[in-house]
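Report on the following structure.
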Amino acid sequence: MSAHAADLLYSDTEEALRAAVRQLFAERCPPEQVVRVYDAEPPDFSAVWRTLVTELGVAGLLVPESLGGAGASAREAAVVMEEIGRAVAPVPFLSSALLATIALVRAGDSETVPALAQGELTAALVVPLSGAPGDPVPAVSGDGNGLNGSITSVAGADAADVLVVPVAGRDGLELHTVARDAAGVQISPLLALDMTRPLAAVSFSDTPSSRVGAGDEPVTEAIRTSAALLASEQLGVAQWCFDTTLDYAGQRRQFGRTIGSYQAIKHRLADLWFEVGAATAAARYAADTCARGTEDADAAAAIAQAYCSDIAVHAAEECVQLHGGIGMTWEYPAHLYLKRAKSDQLAFGTAYRHRARLAELVDLPAF
């Protein structure tokens, strides 16, 4: 455990990474483009992901340098998650660069991880996105005939080249990799609330696979870290909603004055400003403790998820309501942020589940 005190400030490197990612999203997937994911023929954003990977190296942030990655920490990954939330970017950073990559690195993989770090492959960890840290890891069965079983609500499976699969082996949980086009693999897209982060049901029927490692630690660590960093995405959503609403309230005029000059609007914006500030502290502390591997990292992640998930939804609701009629329209992007906030609120467990986990971690007795 590191003896250093927590640092909630952003380093120059983190700010430079933020600026680069934000500029790329502004140029390549502005809100008017992202909203088209709900069209009958949605646009293809895979080029945005390739640019993120090849030019900024985000896919390899949490990959050791010995495996071709950047050897960075959860702090840098959190900055990327903030910008993904701010842009509601439809890229598989959470599913591939976090969930799948962390699981493979922890399992000792040296074949697939370098390709993921370089952007040659994209992967998905075959677990339900709703699974909370500490929950039993769902697994398919594996025997001499291959993998059999199905898992639903898997994030990023539709765009993955490689599926990272928890398997119930004879001696316990194992981690296997499966090529997307392998025999017996079926990926069925699901109708999700947030179509910028597609979900799918994945099934296997006598599917050949490659064993990577054993034990449930790689998967539980991937879920724990990803849950901690999801708070940063929720922060990005909330920050965009607050900034956009504040700007709108300063320009929109009604009855001869800007709506932001009305006392009721001032109070709502002030409350939201306070909540976003608190969410910033919670998300940054979760990322920092995760990066340093401190003993309170689990508690920090539970606090961040329990708090930031609700704040993101509240900020998005205020964004829609305070924009009035325009906030209800399909063309205006406010609904994108409300859908991402609501789907994130359910990812990796609800706020109630994280509060219950926090109580367990600090030995708070149940009443």
Side-chain angles (χ1 to χ4, degrees), residues 59-64 66-69 74 77 92-118 120-187 199-229 290 348:
L61 282 178
L62 300 184
V63 176
S66 59
L67 294 176
F93 182 78
L94 174 66
S95 56
S96 183
L98 295 187
L99 279 169
T101 298
I102 293 172
L104 288 173
V105 169
R106 299 290 290 198
D109 175 86
S110 59
E111 296 183 4
T112 305
V113 169
L116 292 175
Q118 298 302 316
E120 298 170 3
L121 296 173
T122 301
L125 181 63
V126 183
V127 295
L129 186 59
S130 58
D135 288 352
V137 177
V140 300
S141 62
D143 53 34
N145 297 323
L147 307 186
N148 289 278
S150 62
I151 302 291
T152 191
S153 300
V154 178
D158 61 320
D161 302 300
V162 177
L163 301 174
V164 182
V165 189
V167 177
R170 295 176 180 176
D171 300 321
L173 193 71
E174 300 175 350
L175 199 64
H176 291 223
T177 55
V178 175
R180 175 192 170 90
D181 57 359
V185 175
Q186 182 175 354
I187 299 176
L199 302 177
V202 182
S203 62
F204 305 94
S205 178
D206 295 334
T207 302
S209 65
S210 299
R211 184 180 182 276
V212 177
D216 59 2
E217 191 273 340
V219 178
T220 57
E221 177 63 18
I223 294 174
R224 185 189 70 82
T225 301
S226 299
L229 296 182
C290 183
F348 301 121

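Since the model is a prediction, treat every value here as computed from it, not as a measurement.
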Point to revise | Atom CD of E111 with >12 non-hydrogen neighbours under 6.0 angstrom | key: no

Kindly list each side-chain donor-acceptor pair under 3.5 angstrom involving residues 148-173, sequence neighbours excluded, with atom names and distances?
{"residue": "N148", "atom": "OD1", "partner": "D206", "partner atom": "N", "Å": "2.9"}
{"residue": "N148", "atom": "ND2", "partner": "D206", "partner atom": "OD1", "Å": "3.2"}
{"residue": "D161", "atom": "OD2", "partner": "T122", "partner atom": "N", "Å": "2.9"}

Output a table of donor-acceptor pairs, distance under 3.5 Å, between side-chain atoms of residues 92-106 and any protein atom two or more places apart or on a different chain; print 'none' if there are none.
{"residue": "S95", "atom": "OG", "partner": "P92", "partner atom": "O", "Å": "3.4"}
{"residue": "S96", "atom": "OG", "partner": "A123", "partner atom": "N", "Å": "3.1"}
{"residue": "T101", "atom": "OG1", "partner": "S96", "partner atom": "O", "Å": "2.6"}
{"residue": "R106", "atom": "NE", "partner": "E217", "partner atom": "OE2", "Å": "3.0"}
{"residue": "R106", "atom": "NH2", "partner": "E217", "partner atom": "OE2", "Å": "2.5"}

Review point. Hey, is the main chain of R211 close enough, under 3.5 Å, to the side chain of E174 for a donor-acceptor pair?
Key: no

Study note, to complete from the structure: Closest non-hydrogen atoms of L125 and A222, given as atom of the first, atom of the second and distance, are CD2-CB, 4.3 Å

Review point. Taking all atoms of both residues into account, what is the closest heavy-atom pair of P218 and L175, and its distance?
Key: CB-CD2, 4.4 Å

Practice item. Quick one: pull up CG in L67 and CG in L116 and give me the separation to the nearest 0.5 Å. Key: 10.5 Å

Review point. Do you know the tightest heavy-atom contact between L229 and A77?
Key: CD1-CB, 3.8 Å

Review point. When rounded to the nearest 0.5 angstrom, what distance separates OG1 in T225 from CZ in F348?
Key: 10.0 Å

Study note, to complete from the structure: Closest non-hydrogen contact found for G131 with I223 is O-CG2, 3.8 Å

Practice item. Supply the atom-to-atom distance L147 CG to S203 OG, rounded to the nearest 0.5 angstrom. Key: 11.5 Å

Exercise for review: Taking all non-hydrogen atoms of both residues into account, name the closest pair between G68 and Q118 and its distance.
Suggested key: O-NE2, 2.7 Å

Practice item. Side-chain contact test, heavy atoms from C-beta onward, threshold under 4.5 Å: evaluate it for R224 versus C290 and give yes or no. Key: yes

Exercise for review: Find out whether L129 and L199 are in side-chain contact, i.e. whether some heavy atom of one side chain is under 4.5 Å from a heavy atom of the other.
Suggested key: yes

